[in-house]
Amino acid sequence: MNNSNSNQNKFVNAVTGARTIALWQRQDLDRAKDDWLAEEVPVALVYNGISHVVMMASPKDLELFALGFSLSEGIIESPADIYGIDVSPVCNGLEVQIELSSRRFMGLKERRRSLAGRTGCGVCGVEQLNDIGRPISPLPFTQTFDLNNLDAALNQMRDYQPVGQLTGCTHAALWLNENGTILDGKEDIGRHVALDKLLGARGREGWQNGAVLVSSRASYEMVQKSAQCGVEILFAVSAATTLAVEVASRCNLTLIGFSKPGRATVYTHPQRLC
């Protein structure tokens with residue numbers, strides 16, 4: 001029993017992105033008890049000294065978030081376009097200073113947009129409707145995936161959500177290789193941020209063959225971010241939206257929703273699946 005408690009304490013102490021508060025349960029309103037909540041903090045991404053976006057996020061893996069956001073938004077073409085990333089506390093949140101190459105910074109200034117991010121919404125603050133659904137080059141058909149290899153990854157998803165296990169308050173994004181083995185997984189309070197963190201890890205490691213699995217629904221932006229980074233197959237645990245399907249069809253991405261053990265709904269380009 002003592003060993004079990006010790007192991008739990010070690011797990012809790014190793015978790016970044018959660019803290020305890022006193023709260024009351026319906027069945028016992030006379031006595032407060034400590035419980036875990038996920039942290040939500042404003043994170044500003046600052047490129048070459050100019051603030052570009054503020055997103056609400058979990059305060060972990062922020063270097064990967066910066067890298068993945070830069071890739072998925074088309075700000076950079078490869079990790080080599082970033083010379084340095086520094087994270088520091090400011091005011092009531094965190095600031096991520098990103099040093100871009102001169103060429104990529106000039107490109108960013110030409111199409112700079114000001115966003116005021118909110119949890120689960122990556123569109124808030126886009127200045128013009130035309131900025132939504134930017135053109136993406138059609139993906140090639142180089143990847144395949146055996147759906148029989150999906151179930152094991154689905155059953156292991158919670159292992160990559162330490163904050164979620166404590167709080168029930170995070171999304172996860174996993175990278176699966178062509179055999180269904182999980183190479184990495186990231187979590188965040190926001191599904192878009194979790195995906196950006198994973199795409200940052202993928203870009204850093206140079207993984208190409210495989211697919212993304214997300215614990216959320218598939219909005220158009222989840223599809224667009226994945227396609228921008230060259231991901232050909234996207235699995236979502238929940239449903240897809242009509243715009244997500246339209247974007248996936250147009251850019252040749254294979255989109256699958258309702259991904260559960262023994263179940264999957266394929267919306268676009270089923271030829272990559274077997």
Side-chain angles (χ1 to χ4, degrees), residues 43-48 52-53 55 57-87 94 96-108 111 115 117 122 134-140 142-143 145 153 160 171-188 190-216 218-219 221-236 247-248 251-255:
V43 177
L45 299 185
V46 181
Y47 292 92
N48 291 21
H52 178 68
V53 64
M55 302 290 286
S58 302
K60 57 185 292 189
D61 297 319
L62 294 182
E63 294 88 350
L64 291 177
F65 171 44
L67 175 57
F69 181 89
S70 301
L71 288 165
S72 70
E73 291 293 315
I75 295 170
I76 61 173
E77 294 177 346
S78 76
D81 291 324
I82 291 180
Y83 296 156
I85 299 176
D86 292 307
V87 180
L94 296 166
V96 185
Q97 291 280 351
I98 305 154
E99 184 183 357
L100 282 182
S101 68
S102 298
R103 181 174 67 89
R104 300 311 303 179
F105 184 57
M106 289 298 295
L108 175 62
R111 66 176 188 86
L115 301 177
R134 64 185 179 277
I136 296 176
S137 299
L139 294 163
T142 66
Q143 302 297 304
F145 195 91
Y160 294 85
H171 285 292
L174 310 181
W175 180 254
L176 319 180
N177 70 9
E178 60 270 34
N179 299 318
T181 301
I182 300 172
L183 298 188
D184 202 356
K186 300 300 175 187
E187 69 172 338
D188 199 89
R191 64 185 187 276
H192 300 109
V193 180
L195 178 59
D196 276 332
K197 289 177 178 179
L198 178 71
L199 294 173
R202 175 178 176 267
R204 183 186 63 185
E205 299 297 331
W207 296 321
Q208 294 299 320
N209 297 329
V212 168
L213 169 62
V214 296
S215 64
S216 64
S219 61
E221 195 182 26
M222 303 291 277
V223 170
Q224 186 161 281
K225 284 178 173 291
S226 298
Q228 178 70 45
C229 291
V231 174
E232 297 183 29
I233 304 171
L234 174 61
F235 291 98
V247 173
C251 68
N252 292 346
L253 181 138
T254 297
L255 178 61

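Scanning both residues, F69 and H52, for their nearest heavy atoms gives CE2-CD2, 3.9 Å. What you find for L255 and A218 is that their closest heavy atoms are CD1-CB, 3.9 Å.
The structure places CG of N252 at 6.5 Å from CG of L139, a figure rounded to the nearest 0.5 Å. L45 contributes atom CG, which lies 8.5 Å from atom CG of L62 (distance to the nearest 0.5 angstrom). The CG atom of L199 sits 10.5 Å away from the CD atom of E73 when rounded to the nearest 0.5 Å. Between D196 atom CG and D61 atom CG the span is 12.0 Å, to the nearest 0.5 Å. Of the inter-residue distances, the one linking D188 atom CG with F65 atom CZ reads 7.5 Å to the nearest 0.5 angstrom. Taken from CG in L176 to CG in L183, the straight-line distance is 8.0 Å, to the nearest 0.5 Å.
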Could you walk me through whether H171 and V214 pass the side-chain contact (heavy atoms from CB on, under 4.5 Å) check?
CA-CA 8 Å; H171 285 292; V214 296; over 6 Å; no
Assess the residue pair N209 and N177 against the criterion (side-chain contact (heavy atoms from CB on, under 4.5 Å)); give the C-alpha distance rounded to whole Å, side-chain angles, the decisive distance to 0.1 Å, and a yes or no.
CA-CA 6 Å; N209 297 329; N177 70 9; over 6 Å; no
Give the intermediate values and the outcome of side chain to side chain donor-acceptor pair (under 3.5 Å) for residues E232 and T142.
CA-CA 8 Å; E232 297 183 29; T142 66; 2.5 Å; yes
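Classification of K186 and D184 as a salt-bridged pair holds, one side-chain N sitting under 4.0 Å from a carboxylate O. Salt bridge R103/E77: present, at least one basic N to carboxylate O contact under 4.0 Å.
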